[in-house]
Protein chains: 2
Amino acid sequence: MPNKTYHHGNLSAELVLQAIQLLESEGLEALSLRRVAKETGVSQAAPYSHFKDKKALMSAVAIEGYRRFELKMRKGTERESHYIIGLGMGYVMFALENPALFSLMFSGERVNFTEVDNNSHAFSTSYALLLNAVKEDPLVQFGKEKPEFDSMFLWSLVHGLAKLILAKRIQGADFAYESDESLVRALLEKYLVV
Amino acid sequence: MPNKTYHHGNLSAELVLQAIQLLESEGLEALSLRRVAKETGVSQAAPYSHFKDKKALMSAVAIEGYRRFELKMRKGTERESHYIIGLGMGYVMFALENPALFSLMFSGERVNFTEVDNNSHAFSTSYALLLNAVKEDPLVQFGKEKPEFDSMFLWSLVHGLAKLILAKRIQGADFAYESDESLVRALLEKYLVV
DNA sequence: CGCGCAATCTTAACGCTGTCAAGATATACT
DNA sequence: AGTATATCTTGACAGCGTTAAGATTGCGCG
């Protein structure tokens, strides 16, 4: 309920949402504190009542990002034949569908990871999804002696894939796939499933 | 031979070197055109005689980065029992030893990849190293039917590993290793060598 | 050799950015 | 009701990327 009162009533939450909107519509580079403030209809210095820094606001944005990220991965596992494939597809597809947000979430220059972890469990629960997957799913070919190793391996793989596709260093078209998505699926199925 | 003449004589090359120096000493965020110019002892607008943009200078920096990157990976293969392991270690260790430069090299916001590829073969030859490795080295466990797939897989893995270690999302200490390097080695040996 | 042209560099200015200090305004509590 | 506190605005600062105008230099051509 944002009224035209002097006090906004809900600023900190709305700043985060506006930031995400700006992020998707105009990209990471265009995301300035002043733009976010203006778009929210508030003065340039207003955010400083809620966030000590630009980095603090960005961290809040990252937290919301991790929340959506976890959701996406959970949904990925639903209609999928293999749990692991669903997770991996969820991971990469989130990155491809929310490129700027994903970049922000893993950008140490813009986000204070300690702050993120102190104020949210979204990141660690996302990781727990991976860890559980490699513990439970019998389709993973790497054995069960060291599940932490396997999850780290999996994580690095999908993270690198996402990053390289976003950087256009890997493209589905280069391998005669109709989309990046189908390339990713083929890759995951080849290397993760027996 | 940079004299105190009005004309510098070697500006474009020296700007690139100064940029790399600033990158390593003060990080990605501190790397401004004006800082680079000042450090080189030249006016703020001088770089515009050699680069049309900040992005153009950054692309030149990235090219030099890829050149060193390739060298590092080649050296990695020398004293190593397995070619693939050497390459992978070279990849990740370059990232850990030159964090800011590595970030820049893969940052689509700061670097124009098309410009990089048009003015240098360093990137593609780096990739060719990987491709050759998976073609030749019999120790890779993924078969030889689709080497392009295997190299993409390998690339994503090491890239993700590097990124996540830089973001402190993966740390050797978490697994009781004395360094990130030994964790990476253990991981690569487990998943890449039969 | 000298003259002019083109390359190179400087100075000055523009609008943008993050941040802070001072003060205005509204809400909450006693 | 009145005061303390949280919230927001205005105005300012230095630093950023970029451009325009002009100064300085080196090079090629007569």
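For clarity, every value in this text was computed on a predicted model and none was experimentally measured. Convention: sequence-line order gives letters A, B, ...; per-chain numbering from 1.
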**Asked** Choosing from dT10(D), dC8(D), dG17(D), which nucleotide comes nearest the side chain of Val42(A)?
**Response** dC8(D)
**Asked** Does a side-chain N-to-carboxylate-O contact under 4.0 Å join Arg169(A) and Asp174(A)?
**Response** no
**Item:** Stretch residues 49-56 of chain A: residues that reach within less than 4.0 Å of DNA chain C through a heavy atom
**Value:** Asp53(A), Lys54(A)
**Asked** Side-chain contact, heavy-atom cut-off 4.5 Å: Phe94(A) with Met105(A)?
**Response** yes
**Request:** Report yes if the side chains of Leu157(A) and Leu188(A) come closer than 4.5 Å at any heavy-atom pair, otherwise no.
**Result:** yes
**Message:** Taking the side chain as everything from C-beta on, heavy atoms only, tell me whether Ile170(B) gets closer than 4.5 Å to Leu183(B).
**Reply:** yes
**Fill in**
Which of Phe123(A), Tyr91(A), Tyr127(A) passes ring pair (Phe, Tyr, Trp, His ring centres under 6.0 Å) with Phe69(A)? Answer is Tyr91(A)
**Prompt:** Quick one: do Glu109(B) and Arg110(A) make a salt bridge, cutoff under 4.0 Å?
**Reply:** yes
**Message:** Using a strict heavy-atom distance below 4.0 Å, which residues from residues 18-34 of chain A are in contact with DNA chain C?
**Reply:** Ser32(A), Leu33(A), Arg34(A)
**Request:** Could you state the atom-to-atom distance from OH of Tyr48(A) to P of dT19(C) in whole Å?
**Result:** 4 Å
**Item:** pair Phe51(B)-Leu15(B): side-chain heavy atoms closer than 4.5 Å
**Value:** yes
**Fill in**
Arg35(B) CZ to dT18(D) P, in whole Å, measures 18 Å
**Complete:** In whole angstroms, the gap separating P of dG26(D) from CG of Leu11(B) amounts to 14 Å
**Item:** Nearest-angstrom distance from the residue atom CG of Asn10(B) to P of dA7(C)
**Value:** 18 Å
**Request:** Determine, for Asp180(A) against Lys168(A), whether the closest basic-nitrogen to carboxylate-oxygen distance falls under 4.0 angstrom.
**Result:** no
**Request:** Report the C-alpha separation of Phe106(B) and Trp155(B) in whole Å, then their side-chain angles, then the decisive distance to 0.1 Å, and conclude whether the ring pair (Phe, Tyr, Trp, His ring centres under 6.0 Å) test is met.
**Result:** CA-CA 13 Å; Phe106(B) 289 93; Trp155(B) 190 17; 7.1 Å; no
**Asked** Counting only non-hydrogen atoms, which of residues 105-114 of chain B are less than 4.0 Å from DNA chain C?
**Response** none
**Request:** Whole angstrom is fine here: how far is it from CD in Gln44(A) over to C1' in dA12(D)?
**Result:** 9 Å
**Message:** Could you walk me through whether Thr125(B) and Glu70(B) satisfy the side-chain hydrogen bond (donor to acceptor under 3.5 Å, both in side chains) test, starting with their C-alpha distance in whole Å, then the side-chain angles of each, then the deciding distance to 0.1 Å, before giving a yes or no?
**Reply:** CA-CA 7 Å; Thr125(B) 48; Glu70(B) 187 197 340; 3.1 Å; yes
**Prompt:** Are any of the side-chain nitrogens in Glu64(A) or Arg67(A) under 4.0 Å away from the carboxylate oxygens of its partner?
**Reply:** yes
**Asked** How long is the line joining NZ of Lys38(B) and P of dT10(C), in whole Å?
**Response** 13 Å
